[in-house]
Amino acid sequence: METLEEKAETETSSERGGEEDNDFLGVGGMSRIERLVEWNVDVLSCLLEQIVGSQRGIASHIQTLSSVEKNIGVGGGTVLEEFTSIIPLKRFNSGELEQRGSCTTVDLGQEARSQLRNYISTVAGMYPDNAFHNFEHASHVTASVKKLLARIVLVGEGNGLVASTSSNGMELVDLAGHSYGITSDPLTQFAVVFSAIIHDVDHPGVPNTQLVKENTWCAQIYKKSIAEQKSVDIAWDMLMSDEYAALRACIYQTEDDLRRFRQLVVNTVLATDIVDKELHALRKARWETAFSNDVIDSTAEPFGDRVESEDRKATIVIEHLIQASDVSHTMQHWHIYKKWNERFFLECYRAYREGRADCDPSTNWYKGEIGFFDYYVIPLAKKLQSCGVFGVSSHEYLNYATANREEWVREGEALVRQYLAPFIEENARLAPPLDPSLEKCQK
């Protein structure tokens, strides 16, 4: 019998095309969304067990952080103002790594597990019934994040951020075998997966530019990256409520961990705003700073510079990881791409029919997709490959992206007509009958 994880993997890698995956419906008395909730709970539970194992226990004095929890992320500023270009990763000494508890022996406790399930279930309910930006999409993004984190491989020497007690003081030593320290710390992994789950909470079904045109209350507050900032605020405020205290005690034990968790969530969710030109240019410049002038022999750098260099790389790689996952359907099998492409078209076309878009998306959808592949998807896949972090997955993503572009060039125009067919038929049915007198004139 398949596990929930295997079911979710089937959901993200199925070759059945645009049809609904009915094996998620009504299995074991659970709805499709309920099963996706359980899968996400399983993924986060495993990471929480690793966090607790690394801490050798669950925090017993989480109340000492209550004042920090109440003040973090508040005070009149916006989420965007919290963004930072470098997130310092946590360092470990060899003794700490050796003494880490095994996650197989960790018990999160019934209260924490219940709170986690309640939290994810509530988050799922906060996703509107959009054709594309819904909880199923969030789960699809989460599956890609999970896959890429699992595929991170060793890149040369000195890529594990570990505190050493050698005569040279602290130095970068590869103990865990993880690139740039991203997966040395389970809290970092948890934060990125958590961000994937909540990144489109309460998505309005239209882009940020439309929210600005409509002058919505959230556009007045956030100005830029509107939907992304609102998602962070909604999900974070709920997590900080009293009913999730036991869950939070599993996530972090110290103020440093809490602040790092918050910063990772902020940076990761904001990275999903790929339309803002200013943010795109800034992210491109940060990538070039991190990788274009890479030092061949990192051990020749002063220790402080090496640490900052590793943190800079880790931060920007995490942001590109979530970006790739957010559009992972473009870098998967053709049938998966086609399924999600149609859903995104339907969401955009619905907005147009409701007067929330200026242009009919069908008029430029074919050419627009080619441009999206050429100027965003394929360059992004090449970046994943060039940073050397993700092993065979980066090659796989690039190959699928290239193949999907070629297939879209051949089949895209026909597919757009297929997407439009139900609306054309509906318009024909709803059209008023022709006046008999006009019919005579036409004859």
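Rounded to the nearest 0.5 angstrom, L420 CG and L346 CG are separated by 9.0 Å. With rounding to the nearest 0.5 angstrom, the CE atom of M240 is 11.5 Å from the OG atom of S66. Atom-to-atom distance recorded for F135:CZ and H203:NE2 is 16.0 Å, nearest 0.5 angstrom. The distance from atom OG1 of T315 to atom CD1 of I86, rounded to the nearest 0.5 Å, is 6.5 Å. With rounding to the nearest 0.5 Å, the separation of CG in N130 from CZ in F344 is 10.5 Å. A distance of 14.0 Å separates CD of Q253 from CZ of R248, quoted to the nearest 0.5 Å.
The aromatic ring centroids of H137 and H199 lie less than 6.0 Å from each other. Aromatic ring centres of F194 and F261 lie closer together than 6.0 Å.
By the 4.5 Å heavy-atom criterion applied to side chains, W408 and Y366 are counted as neighbours. For the pair E396 and F390, the minimum side-chain heavy-atom distance is 4.5 Å or more. T188 has its side chain within reach of R260: a pair of non-hydrogen atoms, C-beta onward, lies under 4.5 Å apart. T289 has its side chain within reach of R312: a pair of non-hydrogen atoms, C-beta onward, lies under 4.5 Å apart. Looking at I197 and V43, their side chains never come closer than 4.5 Å, going by heavy atoms from C-beta outward. Side-chain contact between S144 and Y397 is present, with heavy atoms from C-beta onward closer than 4.5 Å. By the 4.5 Å heavy-atom criterion applied to side chains, C359 and N364 are not counted as neighbours. At least one side-chain heavy atom of S386 sits under 4.5 Å from a side-chain heavy atom of W287.
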Next item on the list: For the pair T254 and D256, evaluate side chain to side chain donor-acceptor pair (under 3.5 Å) and give the outcome as yes or no after the intermediate values.
Entry: CA-CA 5 Å; T254 67; D256 285 345; 5.3 Å; no

Checklist line | Derivation of the side chain to side chain donor-acceptor pair (under 3.5 Å) call for D233 and Y222 | finding: CA-CA 11 Å; D233 276 342; Y222 298 118; 2.7 Å; yes

Notebook entry, point to check: Does the ring pair (Phe, Tyr, Trp, His ring centres under 6.0 Å) test come out yes or no for H329 and F132, once each step is laid out?
Noted result: CA-CA 11 Å; H329 64 284; F132 183 91; 5.7 Å; yes

For residues 374-384, run the donor-acceptor check on the side chains, cut-off 3.5 Å, and write out each pair with its distance to 0.1 Å, sequence neighbours left out.
from : atom 1 : to   : atom 2 : distance (Å)
D374 : OD1    : R405 : NE     : 2.5
D374 : OD2    : R405 : NH2    : 3.1

Which atom pairs, donor and acceptor, lie under 3.5 Å between side-chain atoms of residues 113-123 and protein residues at least two apart or in another chain?
from : atom 1 : to   : atom 2 : distance (Å)
R113 : NH2    : E49  : OE2    : 2.8
Q115 : OE1    : A245 : N      : 3.4
Q115 : OE1    : A246 : N      : 3.1
Q115 : OE1    : L247 : N      : 3.0
Q115 : NE2    : E243 : O      : 3.2
R117 : NE     : E38  : OE1    : 3.3
R117 : NE     : E38  : OE2    : 2.8
R117 : NH2    : E38  : OE1    : 3.2
N118 : OD1    : Y244 : OH     : 2.4
Y119 : OH     : A235 : O      : 2.7
T122 : OG1    : N118 : O      : 2.7

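Ring geometry for Y337 versus W334: interplanar angle of 30 to 60°, hence tilted. Relative orientation of the W340 and H140 rings is tilted, given thresholds of 30° and 60° on the angle between their planes.
When each of R283, K224, K284, K223 is paired with E278, the salt bridge (charged side-chain N to carboxylate O under 4.0 Å, His left out) condition holds for K224 and for no other. If you run ring pair (Phe, Tyr, Trp, His ring centres under 6.0 Å) between W365 and each of Y352, Y349, F372, F345, only F345 comes through.
The local environment of CZ in R350 is sparse, with at most 12 non-hydrogen atoms from other residues, nucleotides or ligands closer than 6.0 Å. Atom NE2 of H395 sits in a crowded spot, with more than 12 heavy atoms from other residues, nucleotides or ligands closer than 6.0 Å.
Taking each heavy atom of R356 and P204 in turn, the nearest pair found is NH1-O, 3.7 Å. Smallest separation of non-hydrogen atoms from M126 and P128: O-CD, 3.3 Å. A pairwise comparison of heavy atoms in E319 and N267 identifies OE2-ND2, 3.1 Å as the closest pair. Minimum interatomic distance between A351 and V206 (heavy atoms only, all atoms of both residues): CB-CG1, 3.7 Å. Closest of all the heavy-atom pairs between L36 and E136 is CD1-CA, 4.0 Å. Across Y127 and I198, no two heavy atoms sit closer than the pair OH-C, 3.5 Å.
Side chain of E310 to backbone of V307: no donor-acceptor contact under 3.5 angstrom is found.
A salt bridge does not link E342 to K338: none of the charged nitrogens lies less than 4.0 Å from a carboxylate oxygen.
Inspection of the S225 and N208 side chains reveals no N or O donor paired with an N or O acceptor under 3.5 Å.
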